[in-house]
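All heavy atoms count here, side chains included; hydrogens, waters and symmetry mates do not.
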Amino acid sequence: MTLTACSKENKKDNMNSNPSSVEKAQSNSNKTDDNKAKIDELMKKQNDILASHDKQWQVAFSKADKSSAEDNKDKGYDKYLADLVEKAKDELSKEDYEILTKDVEEIAKLEEEITKLKAGNGGESNKKEGGAVSTKELKKFPEFNSKDFDGKGVTKDIFKNKKLTLVNFWFNGCAPCVGELPKLQQLNDEIEKMGGQVIGINSEAKVGDEDTINEAKKILEKQGAKYKNIAIDKDSELEKYTETIMSYPTSILVDSEGNIVGDPIVGAIDKEDKYKEVKEMIEKIIKDKM
């Protein structure tokens with residue numbers, strides 16, 4: 001699961017004209033919707049736990065990398081968080097370590113409830129054919145036909161005229177995501193001169209969800225981030241892909257042909273050493289393509 005409470009739109013089942021079949025399908029649909037609402041609420045509670053000790057969790061999330069995300073992908077979100085806490089133990093006071101350990105215990109209880117509710121939905125995407133491809137397996141950026149925050153249509157053509165694009169996945173309630181926005185704007189300004197760009201994809205902002213989009217726009221404006229941000233079109237490959245992201249923020253690099261370049265960049269880049277590392281990596285990739 002991801003940090004944000006992104007709900008998926010199930011494809012409608014074909015129904016015949018028999019009234020009992022229709023009623024049964026409607027009943028199943030209502031149950032699924034109820035479960036999704038409960039899942040979203042439980043995920044919000046998890047986010048609230050993280051937000052309540054944001055300063056301490058930022059220390060833990062600074063230890064996030066691709067390997068930790070992949071190692072715990074099938075074990076559960078609480079195991080992933082527990083792994084980060086252990087990695088950050090030496091940088092945490094005894095009190096802060098105990099605080100985060102208790103947070104993980106609470107999140108684990110919520111995760112258990114979420115798992116049961118997902119099982120009630122038929123396992124959601126885990127049991128679907130053609131499920132989402134993980135960040136480790138993905139070679140091509142997923143297809144989408146979406147809109148930016150100004151309502152203009154956006155497709156994968158956004159990559160065509162740029163040598164390299166950093167795609168940043170974030171959401172409104174993620175403090176590390178919001179905290180790195182000024183640095184992402186700085187990065188965009190610097191790599192534009194080399195033929196690069198930064199774009200943002202807000203994983204909880206779906207096309208048509210104006211409340212979430214407007215909230216995101218206010219956050220971007222306050223942080224001085226002017227680069228293009230995109231809402232997610234429902235039932236798209238892009239929506240499925242965002243559901244595989246274990247840690248936020250996560251960024252990936254995409255070339256002009258829509259190919260994923262290198263490994264995902266896990267964690268915020270607002271620290272000077274991480275920013276320098278990412279910028280130098282982008283510069284090298286662009287030069288190699290010249």
Side-chain angles (χ1 to χ4, degrees), residues 2-6 47 61 64 135 138 141-192 195-234 236-256 258 260-262 264-270 274-275 278-279 281-282:
T2 60
L3 280 174
T4 187
C6 295
N47 291 337
F61 279 118
T135 53
L138 194 70
F141 194 83
E143 295 290 339
F144 66 97
N145 185 3
S146 195
K147 293 182 179 181
D148 65 20
F149 281 5
D150 294 321
K152 298 177 181 177
V154 185
T155 68
K156 283 178 67 176
D157 287 346
I158 194 172
F159 303 128
K160 280 188 176 180
N161 297 322
K162 298 293 182 180
K163 294 175 182 176
L164 196 68
T165 299
L166 182 142
V167 182
N168 175 252
F169 291 91
W170 69 291
F171 68 95
N172 296 348
C174 169
C177 301
V178 175
E180 74 167 346
L181 292 175
K183 274 296 187 182
L184 289 172
Q185 181 61 51
Q186 179 183 338
L187 181 65
N188 180 73
D189 294 343
E190 293 186 6
I191 67 175
E192 262 189 335
Q197 68 177 342
V198 173
I199 65 171
I201 295 181
N202 189 306
S203 63
E204 66 180 356
K206 306 298 173 70
V207 173
D209 183 0
E210 295 303 322
D211 288 343
T212 302
I213 292 172
N214 287 333
E215 181 185 351
K217 288 169 73 173
K218 290 177 182 177
I219 292 170
L220 292 165
E221 182 179 3
K222 184 176 180 180
Q223 296 295 90
K226 300 177 181 178
Y227 54 85
K228 189 179 290 295
N229 265 263
I230 299 172
I232 296 175
D233 47 327
K234 297 177 182 179
S236 66
E237 292 302 314
L238 178 56
E239 183 183 45
K240 293 177 183 176
Y241 175 63
T242 61
E243 293 168 359
T244 73
I245 298 175
M246 182 74 79
S247 178
Y248 280 83
T250 285
S251 298
I252 59 175
L253 300 175
V254 184
D255 68 15
S256 60
I260 305 295
V261 181
I265 301 164
V266 182
I269 66 165
D270 53 332
K274 184 71 176 285
Y275 178 84
V278 171
K279 183 186 172 187
M281 177 172 58
I282 290 172

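- Taking all atoms of both residues into account, the shortest heavy-atom contact from C177 to W170 is CB-CB, 3.6 Å.
- Taking each heavy atom of E190 and K279 in turn, the nearest pair found is OE1-NZ, 2.6 Å.
- Note: K206 NZ to T242 OG1 = 6.0 Å, rounded to the nearest 0.5 Å.
- Nearest heavy atoms, P249 versus P176: CD-CB, 3.9 Å.
- Summarising the local packing, CG of N161 is surrounded by 12 or fewer heavy atoms from other residues, nucleotides or ligands at distances under 6.0 Å.
- With sequence neighbours left out, K228 forms a salt bridge (charged side-chain N to carboxylate O under 4.0 Å, His left out) with D148.
- V254 places none of its side-chain heavy atoms less than 4.5 Å from the side chain of K156.
- Without hydrogens or angle criteria, T165 side chain to V167 main chain gives no donor-acceptor distance under 3.5 Å.
- In this structure, N168 and S251 approach most closely via the heavy-atom pair ND2-OG, 3.0 Å.
- Taking all atoms of both residues into account, the shortest heavy-atom contact from G173 to E204 is N-OE2, 4.0 Å.
- In terms of heavy-atom proximity, M281 sits nearest to L253 at CE-CD1, 4.0 Å.
- Atom NZ of K147 is surrounded by 12 or fewer heavy atoms from other residues, nucleotides or ligands within 6.0 Å.
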Can I get a per-line list of side-chain donor-acceptor pairs under 3.5 Å for residues 209-220, giving both atom names and the distance, sequence neighbours left out?
| from | atom 1 | to | atom 2 | distance (Å) |
| --- | --- | --- | --- | --- |
| D209 | OD1 | T212 | N | 3.4 |
| D209 | OD1 | T212 | OG1 | 3.3 |
| D209 | OD2 | T212 | OG1 | 2.7 |
| N214 | ND2 | E210 | O | 3.1 |
| K217 | NZ | F149 | O | 3.4 |

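- In terms of the ring pair (Phe, Tyr, Trp, His ring centres under 6.0 Å) criterion, residue partners of F159 (sequence neighbours excluded) are, by chain and number, F141.
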Side chain to side chain contact (heavy atoms under 4.5 Å, CB included) between N188 and Q197: does it pass, once the steps are laid out?
CA-CA 5 Å; N188 180 73; Q197 68 177 342; 4.0 Å; yes

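- Here the side chains of I232 and F144 are not in contact, with every heavy-atom distance at 4.5 Å or above.
- When atom types are taken as modelled, the side chain of E180 and the backbone of I269 share a donor-acceptor pair closer than 3.5 angstrom.
- Summarising the geometry, atom CG belonging to L238 is positioned 4.5 Å from atom CD1 belonging to I201; distances are rounded to the nearest 0.5 Å.
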